[in-house]
Amino acid sequence: MKIAIWWIRRDLRLDDNHALHAAMRWSDQVLPLYIIDPALTGSAYTSDRRLGFLLGGLALLQSDLATRASRLVIRHGTPFAVLGQIVEELRVCAPAATIRIYAETDYSPYAKARDQAIAATYPLHLVSSPAILPPGAVVKDDGSAYTVFTPYSRRWKATFRAEAVKPLPAPVILSTPAFPESDTLPASAPPPGPEFPPGERAAARRLAAFTEGAEAPIARYATDRDRPDLNGTSQLSPYLRFGMLSPRRAALAAYRAEAEAADEPARRGAQVWLDELIWRDFYITILDRFPHVRGGSFRPEYDKIRWANDQAAFAAWCEGRTGYPFVDAAMRQLRAIGWMHNRARMVVASFLVKDLLIDWRWGERWFMQHLLDGDPAANNGGWQWAAGTGTDAAPYFRIFNPVSQGQKFDPTGDYVRRWVPELSAVPPKQIHAPWQLSAADQRRVRCIIGQDYPHPIIDHQFARVRALEVYKQAFA
DNA sequence: CTGCACTTAAA
DNA sequence: TTAAGTGCA
C-alpha cells in the first residue's frame, strides 16, 4: 500500500497539475493537503484580501475534490510539524503503508529553506514549478543566468516547444484515505470582490474570454494593455499567483491566439502577452538565482541611496491623495479591488521612489499588503525595475512624469474619474493637472484644489532634479 | 572587442 | 533625437 500526500502550496487546481499527477502515478491513495502556515498568514507581507482569495479557492477545491470521491485536508501549523503529524496519523491508520509527499517546487527563499528542512526528515518529492520553464532551463551558453529580459526571452522562446506540451487532465476520480481528519476552513478573511471570483473554473473562463475567438481582447493587447481606462489586460495575475490557472495552459493559449490571429496587430498582441508570461518566469528565475534581491538591491551599490522616507508623504501615496490624479486613481484602485493596472503600477512606483524619494521596499511591502496577485518574485522584480536598482533596470535618469503619463495612457480621464470622483466634472484637458484650473473654473467644476482635492504633494520638476542628485551621490 | 539593443521617457 | 548606462552575442 502506497499513500501519497499531495501537499498543495501555490498550485490550487486539478487541471494540468504535475505534483498531483506524480502523486497519483506513484501511489494507491492520494491525500490532498493544504497547510495554513502562520509564518505566511502573520507576515508583514500578507494581505487579508489575498488570504480571502486563497480561502475562497480552497473552498472550491474542496467541493471539486468531493465530486471526485476525494476530500481536502486543511491543517493549521508550521509545515514541518503538520507533515510530521499527518505522516504519524497515516502510520497509525495504515501501518503497512509506504508514505511519500509530493509538491510543486517553489523558489522563494522562505519556500526553499522550508522545503530543504522538510526533505531532510521526510520523503518530499518536488516536481515541476510555478514557472512555465523552471529556473535553470533558460540560461546563457556558459550556463550562467540572464539578467536582461530581452535575451532571456529570446532564449526562452527557442527552448519552449508548444507542440510538445500536453496539459494533464484533471483526475475523474481520486482515491483518498478516510483519515486523518481536516480542520474546518477558516472564514476570517474578507472574501474577494466581484472583480476576481476565485477558483480554477473562473480562471479558465477568464483565459478563454481573453484569448479565444475573433473578438478576443488579446488581439488588441499590444496597444490596449497600456490603457488603464480600457481594461485591456487579461487580469489573470491573481489566478497565476495561486496556480488556479496552469501557466502552461496560458502559454499554449498565447501560441494558439498567435497562430489563429486574423491580422498583424492581433499576432503582435499574442506575442506581447506571451512576453508578459515570460517576464513572470524571468523574475521567478532571478529570485531563485539572486535571493539577496529579497532584502536589498540587485546591485549592492544602489543600497547607498539616501532616501528621504517621509512618513506623511508615504501615507499620502498609500491613501491616494498625492494631488496627482493618475497616481491617486491607481492607489485607490489598489485599495478598492486588490489589483492595479500594470501601467499604473509603473507610474506609482516611479512616483514613490523618484518623486518622493521613498525606499522602494516600502512600496514593495504596501503592494504585498494589498495585491491579490502579490508574489515575492514578480513584485520585487517590478519594484527594483522601477527604482532602477534591479536587473535590466530602467536607467535611474528615466523618471516618469505623472502628468504626461496620465495624458498619454488615460487620454479622456475615464480612469481618473472612475477612482477619483471628486474630479469627475474636471474637463479631460485638465484632469491630469487640475491645479492649473483658474479659481473660477475650480468653483465651476466643484473641485477646489486644496479643499476638495489636494495640491500636488511635491512639484514634479523639482523632484526630478532632486532624484537625479540623490542617485548620483550614491555612486560618488 | 565592438556594436546592438534596452517593458523608454522627455525634450 | 538623445542618453546621467550596460548586458550580451
Side-chain angles (χ1 to χ4, degrees), chain A residues 138-159 221-228 232-234 237 254 268-286 289-290 293 297-302 304-305 324 326-327 340-351 353-355 357 360 377-411 432-433 459-476:
Chain A
V138 181
V139 290
K140 289 186 276 189
D141 283 337
D142 66 2
S144 61
Y146 283 102
T147 62
V148 172
F149 174 73
T150 305
Y152 172 85
S153 75
R154 270 196 272 273
R155 176 57 68 95
W156 191 100
K157 287 167 190 164
T159 306
Y221 183 75
T223 50
D224 283 5
R225 77 191 188 104
D226 269 325
R227 292 284 300 275
T233 64
S234 71
S237 53
R268 180 90 196 110
Q271 289 165 352
V272 173
W273 192 61
L274 178 65
D275 266 335
E276 296 304 314
L277 295 173
I278 299 173
W279 271 102
R280 190 175 160 274
D281 277 19
F282 178 64
Y283 282 138
I284 289 170
T285 302
I286 292 294
R289 301 294 288 261
F290 306 99
V293 299
S297 299
F298 174 74
R299 299 160 208 275
E301 63 270 27
Y302 283 78
K304 287 189 294 200
I305 296 168
Y324 285 93
F326 194 63
V327 173
M340 189 196 294
H341 189 278
N342 181 251
R343 166 59 53 175
R345 293 189 199 199
M346 290 195 273
V347 175
V348 302
S350 178
F351 189 81
V353 173
K354 306 280 173 73
D355 285 62
L357 274 183
W360 58 268
N379 191 49
N380 180 273
W383 273 97
Q384 296 227 30
W385 182 86
T389 62
T391 61
D392 197 30
Y396 71 85
F397 51 89
R398 284 183 194 155
I399 295 169
F400 283 67
N401 181 321
V403 175
S404 50
Q405 284 285 311
Q407 290 164 341
K408 194 168 172 190
F409 298 112
D410 181 29
H432 292 292
D459 175 70
H460 176 67
Q461 301 313 325
F462 161 80
R464 185 175 175 278
V465 174
R466 182 179 67 161
L468 292 174
E469 281 301 314
V470 170
Y471 269 73
K472 225 180 290 181
Q473 270 173 26
F475 318 123

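Owing to the predicted nature of the structure, the values given are computational and were not obtained by experimental measurement. In what follows, chains carry the letters A, B, and so on, assigned in the order in which the sequence lines appear, proteins first and then strands, with residues in each chain numbered from 1.
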*asked:* Taking the cut-offs as 6.0 angstrom to the six-membered ring centre and 45 degrees off its axis, would you call A/Lys408 and A/Phe326 a cation-pi pair?
replied: no

*Report the glycosidic orientation of C/dA4: syn if within 90° of 0, anti in every other case.*
syn

*P spacing across the pair C/dT2 / B/dC4, given as an integer number of angstrom*: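 My reading of the P atoms in C/dT2 and B/dC4 gives 16 Å.
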
*Can you tell me, in whole Å, how much space there is between the P of C/dT1 and that of B/dA5?*
16 Å

*Which of these passes side-chain contact (heavy atoms from CB on, under 4.5 Å) with A/Arg155: A/Thr150, A/Asp141, A/Ile278?*
A/Asp141

*asked:* Name the residue from A/Thr285, A/Thr147, A/Val293 that meets the side-chain contact (heavy atoms from CB on, under 4.5 Å) definition with A/Thr391.
replied: A/Thr147

Measure [atom1]/[X] against [atom2]/[N] and give the value in whole Å, please.
{"X": "A/Gln461", "N": "B/dA9", "atom1": "CD", "atom2": "P", "result": "16 Å"}
{"X": "A/Phe400", "N": "B/dT8", "atom1": "CZ", "atom2": "C1'", "result": "7 Å"}
{"X": "A/Phe290", "N": "C/dG7", "atom1": "CZ", "atom2": "C1'", "result": "12 Å"}
{"X": "A/Tyr302", "N": "C/dG5", "atom1": "OH", "atom2": "P", "result": "8 Å"}
{"X": "A/Gln405", "N": "B/dT8", "atom1": "CD", "atom2": "P", "result": "11 Å"}

Pick base, sugar-phosphate or nothing for [X], based on heavy-atom distances below 4.0 Å to the nucleic acid.
{"X": "A/Arg225", "value": "nothing"}
{"X": "A/Ser404", "value": "sugar-phosphate"}
{"X": "A/Asp275", "value": "nothing"}

*A/Arg343 side chain near B/dA9 phosphate (N/O to OP1/OP2, under 4.0 Å)*: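 Yes, because at least one side-chain N or O of A/Arg343 sits under 4.0 Å from OP1 or OP2 of B/dA9.
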
*A/Lys140 side chain N/O closer than 4.0 Å to the phosphate oxygens (OP1, OP2) of C/dC8?*
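So the side chain of A/Lys140 is within the cut-off, an N or O lying under 4.0 Å from OP1 or OP2 of C/dC8.
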
*asked:* To the closest 0.5 Å, what do you measure between CE (A/Met346) and CD (A/Gln405)?
replied: 7.5 Å

*Return the orientation label for the A/Tyr152 and A/Phe282 ring planes: parallel under 30°, perpendicular over 60°, tilted otherwise.*
tilted

*Tell me, which of residues 145-158 of chain A have any heavy atom that sits under 4.0 Å from an atom in DNA chain C?*
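Here the set is A/Tyr146, A/Thr147, A/Val148, A/Pro151.
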
*If we only count heavy atoms from C-beta on, is the A/Leu468 to A/Tyr396 side-chain gap below 4.5 Å?*
yes

*Tell me, do A/Phe298 and A/Thr389 make a side-chain contact under 4.5 Å, heavy atoms counted?*
no

_Looking at A/Lys157 and A/Asp275, is any side-chain nitrogen of the basic one under 4.0 Å from a carboxylate oxygen of the acidic one?_
yes

Could you pull out every donor-acceptor pair under 3.5 Å between side chains of residues 459-466 of chain A and any protein atom, sequence neighbours left out?
residue, atom, partner, partner atom, Å
A/Asp459, OD2, A/Gln461, N, 3.4
A/Asp459, OD2, A/Phe462, N, 2.9
A/His460, ND1, A/Asp355, OD2, 2.6
A/Arg466, NH2, A/Asp355, O, 2.9

*Please determine, for the side chain of A/Tyr396, which listed nucleotide (C/dA3, C/dT6, C/dA4) has the closest atom?*
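The answer is C/dA4, which lies nearest to the side chain.
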
_As a test of your reading of the structure, name each stem of DNA chain B as range with range, where a stem is three or more consecutive Watson-Crick or G-U pairs at under 3.5 Å._
B:2-6 with C:5-9, B:8-10 with C:1-3

